[in-house]
Amino acid sequence: MPMLDIKNLTLEIETGGTRVKALDKVNLTINSGEIRALVGESGSGKSLIVSAISGALPQKFHLTADRMSWKGKSLLSMPTEERRQLMRRDIAVVFQNPGSALDPSATLGEQLEESIPDELVEGKWFWQRRQSRRKSAISTVHKVGIKHHRHYLSAYPHQIPTDISQKFMLAMALISQPKLLIADDPTRGMETTTKTQVLKLLTRLNQTKSLSILFISHDLLAISSMCHSMTVLYCGQTVESGRMKMLRKRPLHPYTKALLDSAPSFQNDLPPKSLLPTLDGTIPSLKHVPIGCRLGPRCPRAQRDCVITPAVRRIHDHTYSCHFPLHMEKL
Ligand SMILES: Nc1ncnc2c1ncn2[C@@H]1O[C@H](COP(=O)(O)OP(=O)(O)OP(=O)(O)O)[C@@H](O)[C@H]1O
C-alpha cells in the first residue's frame, strides 16, 4: 500500500465569475522510502498539489478526490486536529517562498526549537530538555549547511539572506524527523555547491532514515540523479508517471519527451550552439484551457480524438494518458 495515495484529485477555482479546473483528475502515489519527482512547466499545478496535501488551500477552492489518503486513512475526512498533528509529525513541507512561511516576530532558533516534537526531546528536567532542544537545533542547521549557527539562530527572518532562509526551512522540515518530506523547489536559486550539498543530504536521509520525498523541481539533472520515479504534470493533468529510468529511456507521452529533450544535460550528442527542441506555444491560462487533452494545441501528434480526455493507461507501474503514445511498437 502506498504511503500517500491520491486518485482523481480535482481542484476548482473561481476566476472571473467562472469555475475552472486548476487540477483535473490528478493521480499521485508515494511509497515508503521512495523519492518521487513532480515535474511540469510553471503554472502546471505543482504547488497547488502541495497545498492540497498539506490542507493549506483557501476555503473558496473546491477540492474533490476519489482517494486522498495517508497510510490508508482519508485526509479529506480526517478531523482537523489529527490532520494538523500529521502535518507536524509525519509529513513536512518546504514551501516555495521560504520567507513568507516564517514568523517575523521570533528568532530562527526559537522557531526551530519550537518545531521539535516533545517526544524527540531528551531529559526529565526543564533545563535538560532546553539543552536537548538547543543541541538538535544546532545539529540540524549544520546538516543543511548553515555554518554560523550562533549568528543565524539568534537572527530574525528579515535579517537573513534568501539562501539561508531556504536552508533554514529545510532544517525546520527535517527537525521533526518526518516520514515524508514534500520539497517545493527547495534548491531554487542556490549556487551549485550548496545545491549539491542539499541534494546529497536528502539522498542520505532517504538511504539511512528511509525518508520518502516528493521532490518538486525544474532541475531535471538533479531529478534524474536522485529520484526513483517521476510524475509529469501538464496544465493540471497528470500525463505520465513511472520509474525514472523507464521514463528517461522510453517516455510514452509527447509532453514528457519534450520536457526531457529540452534539458541540455540530457542531450549527449548535441552539437555545440545548436537549438534545443521545444514545443511551440506556452501553457494556457486557466481561463483558456483546451477541452480533452490539454496539451492538444501544442502537441506534434495531436489528432481529432484528442478533444476527448484520454483515459489513464497502465503498463506495469508505468501509467500514461495519451491517445497516440510514442514507442508503442517497441513494447
Ligand atoms: N490562489 C490562486 N488563485 C487563483 N489561481 C491560482 C492560485 N494559485 C495558483 N493559481 C493558478 O493555478 C495554476 C497552477 O499554479 P501553481 O502555482 O500550482 O503552478 P506550479 O506548477 O507550482 O508553477 P511554478 O513551477 O512556477 O511554481 C496557475 O495557472 C496559477 O495561476
Side-chain angles (χ1 to χ4, degrees), residues 4 6 8-28 30 36-65 68 75 91 93-101 162-163 165-166 169-170 173 181-190 195 198 213-224 227 230-241 247 253 255-256 258-260 262-263 278-279 281-291 293-298 309 321:
L4 182 72
I6 298 177
N8 289 338
L9 172 71
T10 297
L11 179 70
E12 293 180 283
I13 296 181
E14 296 274 349
T15 160
T18 49
R19 250 191 188 195
V20 287
K21 286 184 180 166
L23 299 176
D24 185 18
K25 296 192 171 171
V26 164
N27 296 320
L28 179 75
I30 302 172
R36 176 173 289 272
L38 180 61
V39 298
E41 270 164 273
S42 246
S44 54
K46 303 180 295 295
S47 302
L48 287 178
I49 295 178
V50 176
S51 302
I53 297 169
S54 52
L57 285 171
Q59 286 283 327
K60 59 179 181 168
F61 287 11
H62 186 70
L63 184 132
T64 52
M68 189 163 156
L75 289 172
I91 306 178
V93 183
V94 177
F95 287 102
Q96 217 176 47
N97 299 316
S100 61
T162 318
D163 65 321
S165 54
Q166 260 173 303
M169 289 313 297
L170 199 55
L181 172 73
I182 300 177
D184 194 351
D185 225 348
T187 57
R188 185 162 66 158
M190 283 184 183
K195 192 167 80 179
V198 168
I213 304 173
L214 178 63
F215 185 71
I216 299 169
S217 174
H218 294 273
D219 185 344
L220 285 172
L221 192 60
I223 285 171
S224 78
C227 296
M230 180 160 89
T231 294
V232 186
L233 203 66
Y234 179 77
C235 195
Q237 294 179 328
T238 18
V239 297
E240 190 163 5
S241 174
L247 291 193
H253 200 285
Y255 180 68
T256 312
L259 199 71
L260 297 173
S262 68
T278 51
L279 287 180
T282 52
I283 193 165
S285 73
L286 284 183
K287 274 190 202 158
H288 302 106
V289 284
I291 54 164
C293 172
R294 293 183 173 181
L295 185 67
R298 296 178 71 192
T309 308
S321 300

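All ligand and atom numbering here is 1-based and tracks the order in the structure.
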For ligand 1 and [X], I'd like to know whether there is a polar contact (N/O to N/O, distance under 3.5 Å).
{"X": "G43", "result": "yes"}
{"X": "I13", "result": "no"}
{"X": "G45", "result": "yes"}

Spatial distance of atom OG (S51) from atom CZ (F61) [nearest 0.5 Å]: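 Output value for this atom pair is 8.0 Å.
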Out of all atoms in ligand 1, which are within 4.0 Å of some heavy atom of [X]? Include the element for each.
{"X": "L286", "value": "11 (C), 12 (O), 29 (O)"}
{"X": "S42", "value": "23 (O), 24 (P), 25 (O), 26 (O)"}
{"X": "H218", "value": "25 (O)"}

Report the part of Y234 (side chain from C-beta onward, or backbone N, CA, C, O) that has a heavy atom under 4.0 Å from ligand 1; answer both or neither where that applies.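 Within the 4.0 Å criterion, Y234 makes no contact with ligand 1.
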Classify the contact between E41 and ligand 1 as side chain, backbone, both or neither, using a heavy-atom distance cut-off of under 4.0 Å.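 The part of E41 near ligand 1 is the backbone, not the side chain.
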In the protein, which heavy atom is nearest to [atom], and how far is it?
{"atom": "atom 7 (C) of ligand 1", "result": "F61 CZ, 4.1 Å"}
{"atom": "atom 9 (C) of ligand 1", "result": "L48 CD2, 3.8 Å"}
{"atom": "atom 21 (O) of ligand 1", "result": "K46 NZ, 2.8 Å"}

With the threshold set strictly below 4.0 angstrom, can you tell me whether any protein non-hydrogen atom sits that near atom 24 (P) of ligand 1?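 Yes, there is one.
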Should L233 and V26 be marked as a side-chain contact (heavy atoms from CB on, under 4.5 Å) after you check the CA-CA gap, both sets of side-chain angles, and the distance that decides it? CA-CA 8 Å; L233 203 66; V26 164; 4.0 Å; yes
Taking NZ in K21 as the centre, count heavy atoms belonging to other residues, nucleotides or ligands within less than 6.0 Å. Is the count above 12?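 Incorrect, the count does not exceed 12.
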With a 4.5 Å limit on heavy-atom distance, are the side chains of H253 and V232 in contact?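 They are not in side-chain contact.
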Is any NZ, NE, NH1 or NH2 atom of the basic residue among K46 and D185 found under 4.0 Å from an Asp or Glu carboxylate oxygen of the other?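 A salt bridge is absent here (no side-chain N lies under 4.0 Å from a carboxylate O).
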Do D184 and S47 have side-chain atoms, one donor and one acceptor, less than 3.5 Å apart?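 Indeed, the side chains of D184 and S47 share at least one donor-acceptor pair under 3.5 Å.
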Verify, without hydrogens or angle tests, whether T187 (side chain) and K195 (backbone) share a donor-acceptor contact under 3.5 angstrom.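 Pair absent, no side-chain N/O of T187 close to backbone of K195.
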For N27 and N8, work out which heavy atoms get closest and say how close.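 Nearest heavy atoms, N27 then N8: OD1-N, 2.8 Å.
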Contact check, G40 vs ligand 1, heavy-atom distance below 4.0 Å: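 Outside the 4.0 Å threshold, so no.
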